[in-house]
Structures are given as structure tokens and as C-alpha cells.
Amino acid sequence: MPQVSLVVCLHGEGQYLERLLHNARGCYDDLVIVHDGSDETGVRRIAERHGGRFFERPRSFQQECHWPFAWGKARFDWILRWDADEFPSPELREWVDCFRHAPEPDATVSGYIGIWPFWNGRRALTQRWPRRVILIHRHRVRFFGMPDQ
């Protein structure tokens, strides 16, 4: 059965992190929170209250440069990569639960892509896109990048 680390890189966003961790309960075995810059809003307390490990990194105004560090701090090779302002739907929670209780995937599987719909605050505006990498095996991926606007 694969074990999963939830890794979140953020700056501030404590109220969103709290919501994510509440909704992701049972989806992970390890929690790593990496803060972009000094924590002046109490994110460390939230991470520790949920059993996570908290790391402050130099401010860079983006997540991407923190991912190698964050993934290196994860205890497990399967990594959920969710943003603080996101949270899993009941269907995604069910899928992750099934994943965590199934046999280890074949060694050729390096990650999973999910549909992460756009919302207007009340309802989903998309149903079939955008597709996004949500779960990876850190030793099997060969390239991972995120475009900036």
C-alpha cells in the first residue's frame, strides 16, 4: 500500500490551508508545509496543529523554486501537490483513499492527472478541464514544471 505525503508551498494563506487540511483529512500520511518567506500570519501553528512539519524558505514570490526542497523533506515517495487555496472533492478523497489502500502501482507509473475545474465561488464552470498533475512519485518523474503568467 503506497504511503502519501501532502506537500503544500504557500505564502500566508492560513485560512485556506486550514480549509485544505480539514477537507484532506485521511488523504495523506505525512504533511510538509513550505512557506515562501517569513511566516508572519501563524501558518506554522496551523501546520503543527495538523501534525505537519513546517519550513520557512527565502521569499521568491512563487512555489516552483521550493518544490525540490519540499519533496526532499517528504517522508514518502508519493506526493500530493495541492495548493493551499484548493481542497479535494468527495470523489477525489474517495479516489485517494482507494489509492492508499491498493497495492503499490506498477513501477512505470510516475503520477496521476486529475481534472481541477474552475469555480466561480458557487459552482464549477468547467467539467473536463483543466487537467493537472495532482499526485506524483518523486523518483519516477523526469520533468515537472509550472508556467508562470
Side-chain angles (χ1 to χ4, degrees), residues 1-37 41 43 46-47 50-55 57-149:
M1 295 189 320
Q3 292 184 293
V4 174
S5 292
L6 172 59
V7 177
V8 181
C9 293
L10 57 93
H11 176 79
E13 301 183 289
Q15 71 278 18
Y16 296 122
L17 178 63
E18 190 75 59
R19 181 183 64 183
L20 165 61
L21 298 177
H22 172 76
N23 285 285
R25 219 174 268 145
C27 289
Y28 57 90
D29 305 289
D30 172 43
L31 175 62
V32 175
I33 305 296
V34 175
H35 199 274
D36 179 38
T41 61
V43 172
I46 295 167
H50 287 272
R53 288 170 294 123
F54 178 87
F55 302 93
R57 302 271 296 160
R59 184 84 164 118
S60 66
F61 301 92
Q62 63 178 338
Q63 301 174 357
E64 191 167 23
C65 62
H66 298 302
W67 288 125
F69 172 85
W71 295 339
K73 294 297 182 184
R75 289 191 174 120
F76 304 112
D77 292 333
W78 284 104
I79 296 176
L80 285 169
R81 199 211 70 74
W82 294 341
D83 291 344
D85 64 346
E86 302 170 334
F87 58 92
S89 66
E91 295 83 4
L92 183 54
R93 284 177 50 105
E94 183 179 341
W95 183 89
V96 171
D97 186 57
C98 289
F99 174 83
R100 290 178 61 230
H101 290 92
E104 178 71 26
D106 185 86
T108 61
V109 176
S110 61
Y112 294 89
I113 293 174
I115 296 172
W116 213 264
F118 289 144
W119 285 77
N120 69 0
R122 294 183 305 280
R123 63 180 184 86
L125 300 176
T126 62
Q127 298 296 319
R128 298 173 191 221
W129 63 277
R131 289 182 170 89
R132 202 183 106 195
V133 175
I134 57 170
L135 179 65
I136 65 161
H137 189 287
R138 67 177 164 187
H139 296 298
R140 297 178 187 165
V141 294
R142 297 295 178 255
F143 172 80
F144 193 91
M146 291 176 270
D148 288 313
Q149 296 182 5

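Both backbone and side-chain heavy atoms feed into the values below; hydrogens, waters and symmetry mates do not.
For Arg93 (side chain) and Arg25 (main-chain N/O), a donor-acceptor pair under 3.5 Å exists by modelled atom type. Panel note: side chain Arg138, backbone Trp71; a donor-acceptor pair is recorded below 3.5 Å. The backbone N or O of His35 sits nowhere less than 3.5 Å from a side-chain atom of His11 that would complete a donor-acceptor pair. Checked by atom type and distance alone, the side chain of Arg53 pairs as donor or acceptor with a backbone atom of Lys73 at under 3.5 Å.
Residue Phe76 places its CZ atom among more than 12 non-hydrogen atoms of other residues, nucleotides or ligands, all under 6.0 Å distant. More than 12 heavy atoms of other shown residues, nucleotides or ligands fall within 6.0 angstrom of atom CD in Glu104.
To the nearest 0.5 angstrom, Ile33 atom CD1 is 9.0 Å from His50 atom NE2. Here the OG1 atom belonging to Thr41 is positioned 8.0 Å from the CG atom belonging to Leu10, to the nearest 0.5 angstrom. Atom CG of residue Leu135 and atom CH2 of residue Trp95 lie 5.0 Å apart, to the nearest 0.5 angstrom. Expressed to the nearest 0.5 Å, how far CD of Glu91 lies from CD of Glu94 amounts to 7.5 Å. The structure places SG of Cys27 at 7.5 Å from CZ of Arg100, a figure rounded to the nearest 0.5 Å. Atoms CG and OG, from Asp29 and Ser5 in turn, are 7.5 Å apart once rounded to the nearest 0.5 Å.
Taking every heavy atom of both residues into account, Ala84 and Glu13 meet most closely at CB-OE1, 4.0 Å. When every heavy atom of Cys65 is checked against every heavy atom of Gln62, the shortest pair comes out as SG-O, 4.1 Å. Heavy atoms only, all atoms of each residue included: Pro130 and Pro117 are closest at CD-CA, 4.2 Å. Across Arg132 and Asp83, no two heavy atoms sit closer than the pair NH2-N, 4.3 Å. Of all heavy-atom pairs between Ala47 and Leu31, the closest is O-CD2, 4.1 Å. Counting all heavy atoms, side chain and backbone alike, Ala70 lies closest to Val7 at CB-CG1, 3.4 Å.
Aromatic ring orientation, Phe69 versus Phe55: perpendicular (interplanar angle above 60°, classes split at 30° and 60°). A perpendicular orientation is assigned to the rings of Phe99 and Trp78, their planes being inclined by more than 60° (bins at 30° and 60°).
The side-chain contact (heavy atoms from CB on, under 4.5 Å) test applied to Phe87 returns Arg19, Leu20, Asn23, not counting sequence neighbours. Partners of Asp85 according to the salt bridge (Lys or Arg N to Asp or Glu O under 4.0 Å) rule, which considers only residues two or more places apart in sequence or in another chain, do not exist here.
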Item to check | His66 vs Asp36, side-chain contact (heavy atoms from CB on, under 4.5 Å): CA-CA, chis, key distance, verdict | outcome: CA-CA 8 Å; His66 298 302; Asp36 179 38; 2.9 Å; yes
Checklist entry - Given the rule in the side-chain contact (heavy atoms from CB on, under 4.5 Å) test, do Leu21 and Leu6 qualify, once you have shown the distances and angles that lead to the verdict? => result CA-CA 9 Å; Leu21 298 177; Leu6 172 59; 3.9 Å; yes
Next on the checklist: Using the rule given for side-chain contact (heavy atoms from CB on, under 4.5 Å), can you reason through Leu92 versus Trp82, listing the C-alpha separation, both sets of side-chain angles and the distance that settles it, and then say yes or no?
Outcome noted: CA-CA 12 Å; Leu92 183 54; Trp82 294 341; 3.8 Å; yes
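Between Arg140 and Asp77, no side-chain nitrogen of the basic residue sits less than 4.0 Å from a carboxylate oxygen of the acidic one, so the salt-bridge criterion is not met.
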